[in-house]
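Side-chain atoms are counted along with the backbone in the values below, which use heavy atoms only and exclude waters and symmetry mates. A, B, ... follow the sequence lines: proteins, then strands. Residue 1 opens every chain. Remember, predicted model here, so these are calculated numbers, not experimental data.
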There are 2 protein chains.
Amino acid sequence: MAHITVSVEYGLHCLLWMIGSEIRPMSSRELAELQGVSPSFVAKIFPKLEKAGIVRASEGVRGGYVLAKPAPEISCLDVIDAIDGKKPLFDCQEVRGGCVLLGKKPPGWAINGTCAIHAVMLRAEKSMREALASQSLADVAEAVGRKAPPEFWNTFQAWVDKKAEARIGKPARARPA
Amino acid sequence: MAHITVSVEYGLHCLLWMIGSEIRPMSSRELAELQGVSPSFVAKIFPKLEKAGIVRASEGVRGGYVLAKPAPEISCLDVIDAIDGKKPLFDCQEVRGGCVLLGKKPPGWAINGTCAIHAVMLRAEKSMREALASQSLADVAEAVGRKAPPEFWNTFQAWVDKKAEARIGKPARARPA
DNA sequence: GGAAATCTACTCGGATACCGCGTGTCCGAGTTATGGTGG
DNA sequence: CCACCATAACTCGGACACGCGGTATCCGAGTAGATTTCC
């Protein structure tokens with residue numbers, strides 16, 4: 001298990017597919033099927049992205065999710081914090097205050113301010129977060145687009161259109177009984 | 001639970017206490033008692049530090065651990081990797097290869113090279129590791145020493161000496177039967 | 001022919017099990033220093 | 001007085017349970033669209 005979870009990975013991949021599809025919402029089921037991952041799991045991720053203001057949900061038979069902001073304004077860090085909940089790199093246990101030499105009531109110099117070890121971790125965490133914040137969804141999408149051949153996007157668009165059409169024209173068919 | 005574990009925290013705190021005590025080894029029990037943490041847990045950590053070449057173990061009744069290198073040559077990153085085992089920040093599941101549009105045998109352009117999302121994570125991980133590698137045990141110890149009053153170190157030395165004396169003069173007393 | 005009601009299938013959203021890693025504890029093997037014993 | 005030996009307590013080192021967070025799944029509430037029916 002790594003610090004950045006699989007949920008974040010799925011979320012980022014989904015968001016990349018959603019770029020350019022701001023008009024026609026994509027459902028969590030479509031996104032899951034497209035990538036060959038568990039639909040239930042993907043469905044669990046998106047409510048978090050919606051609460052964070054990264055995507056906007058629309059309900060109903062032709063509903064789904066749409067990016068709530070332009071891709072350049074969504075950073076990887078935003079997605080990570082939205083899904084994993086801003087969990088810290090390091091959880092200081094305040095060991096310094098438990099030293100037997102300090103007694104039950106440690107003096108101020110021992111517990112005031114930030115623990116020196118914690119400070120190192122905070123600096124490292126800041127570097128990490130800055131690196132993640134500097135990369136937007138658009139940046140990542142551009143890197144992906146540089147590799148895929150142009151024809152692939154036509155194939156993708158055709159797949160989306162086919163799925164969109166399959167969602168209409170079926171309801172209220174001949175009554176079972 | 002955070003990415004950097006409590007084991008690392010305990011290990012770093014112990015190593016800080018060991019600086020300057022290169023002659024008289026400190027046992028894992030002493031280090032635990034000094035800080036008011038579980039002796040069993042501390043004892044579980046040190047074998048990893050020894051295998052990584054950070055500390056040197058000596059056995060027997062007056063045994064214990066000693067820093068294997070000068071404090072300025074031990075970085076926080078060394079300790080983290082030694083205890084937590086160089087676990088990555090992000091574990092890429094290669095989602096890109098599972099896209100249904102690519103079929104069972106994805107073309108080379110889709111799976112060659114590093115996944116774009118993975119690349120972002122690797123850059124962030126590199127930044128984090130560099131920040132951790134730039135801080136040595138000596139640096140952290142200096143930050144701690146700047147806060148503690150000089151008298152405190154005398155108290156600490158006295159405590160160590162008392163513990164060292166308590167370890168001798170007891171074995172082989174009058175036979176029970 | 002037009003408009004309202006109904007019905008279906010789809011959507012989101014949260015609540016519920018399973019599993020693996022980290023935390024915490026314990027016990028066994030080996031070694032060193034001590035104290036006594038014999039020469 | 002010196003060298004040897006047995007003893008005991010301490011050390012390290014790895015193997016064994018408990019609990020929490022992440023992964024994966026399922027089911028219920030609500031909504032938009034299409035069909036059907038009635039005027």
Query raised in the report: Rounded to the nearest Å, what distance is computed from the CG atom of residue B:Leu31 to the C1' atom of nucleotide D:dC10?
Result: 15 Å
Requested in this report: Using a strict 4.0 Å threshold on nitrogen-to-oxygen distance, state whether B:Glu125 and B:Arg123 make a salt bridge.
Outcome: no
Query raised in the report: Has A:Lys48 got a side-chain N or O lying under 4.0 Å from the OP1 or OP2 atom of C:dC12?
Result: no
Query raised in the report: Across the strands shown, which category fits A:Phe46 at heavy-atom distances under 4.0 angstrom: base, sugar-phosphate, nothing?
Result: nothing
Query raised in the report: Short question: side chain of A:Glu59, backbone of A:Ala57 - any donor-acceptor pair under 3.5 Å?
Result: no
Requested in this report: Report yes if at least one side-chain N or O of A:Lys51 is closer than 4.0 Å to OP1 or OP2 of C:dC12; otherwise report no.
Outcome: no
Query - Aromatic plane relationship, B:Phe156 with B:Trp17 - under 30° parallel, 30 to 60° tilted, over 60° perpendicular - result: tilted
**Report entry** Within-4.5 Å side-chain heavy-atom neighbours: A:Met121 and B:Leu12
**Finding:** yes
Query raised in the report: Taking only N and O in the side chain of A:Thr5, is any of them less than 4.0 Å away from OP1 or OP2 of D:dG22?
Result: no
Query raised in the report: Is there a side-chain contact between B:Ile19 and B:Leu67 (heavy atoms, below 4.5 Å)?
Result: yes
Query raised in the report: Rounding to a whole Å, what distance do you find between A:Ile83:CD1 and D:dG21:C1'?
Result: 16 Å
Report task. Would you kindly give the NZ-to-P distance between A:Lys163 and C:dC10, to the nearest whole Å? Result -> 10 Å
Query raised in the report: Hey, what's the ring geometry for A:His118 with A:Phe90, parallel, tilted or perpendicular (30° and 60° as the breaks)?
Result: tilted
Requested in this report: Give a yes/no on whether any side-chain N or O of A:Ser27 is located under 4.0 angstrom from OP1 or OP2 of C:dC10.
Outcome: no
Requested in this report: Using atom CD of B:Glu50 as one end and atom C1' of C:dG30 as the other, report the distance to the nearest whole Å.
Outcome: 14 Å
Query raised in the report: Starting at the 5' end of DNA chain D, which residue's closest nucleotide do you reach first, A:Asp84 or B:Pro47?
Result: B:Pro47
Query raised in the report: Rounded to whole angstroms, how far apart are NE2 on B:His3 and C1' on D:dC20?
Result: 17 Å
Query raised in the report: Tell me: CZ of B:Arg24 to P of C:dA33, nearest whole Å?
Result: 13 Å
With 3.5 Å as the limit, what N/O pairs link the protein to nucleotides 24-26 of chain C?
from, atom 1, to, atom 2, distance (Å)
C:dG24, O6, B:Lys44, NZ, 3.1
C:dT25, OP2, B:Ser38, OG, 2.7

**Report entry** Distance, rounded to the nearest Å, where A:Ile4 contributes CD1 and D:dT23 contributes P
**Finding:** 12 Å
Query raised in the report: Could you state the CD-C1' distance from B:Glu59 to D:dC10, rounded to the nearest angstrom?
Result: 11 Å
Requested in this report: Among B:Asp78, B:Leu15, B:Ile54, find the one that has a side-chain contact (heavy atoms from CB on, under 4.5 Å) with B:Leu137.
Outcome: B:Leu15
**Report entry** Nearest-nucleotide pick for A:Tyr65, side chain only, options being C:dC12, D:dT23, C:dG30
**Finding:** C:dC12
Query raised in the report: Are B:Val37 and B:Phe41 co-members of a hydrophobic cluster defined by side-chain heavy atoms under 4.5 Å apart?
Result: yes
Report task. Return no unless some side-chain N or O of B:Arg29 is found under 4.0 Å from OP1 or OP2 of D:dC10. Result -> no
Query - D:dA9 OP1/OP2 closer than 4.0 Å to side-chain N/O of B:Arg62 - result: no
Query raised in the report: Of all the choices, D:dC12, C:dA33, C:dG13, which nucleotide is nearest to the side chain of A:Ala57 once you look at every atom?
Result: C:dG13
Query raised in the report: DNA chain D: B:Ser58 or A:Lys87, which has the more 5' nearest nucleotide?
Result: B:Ser58
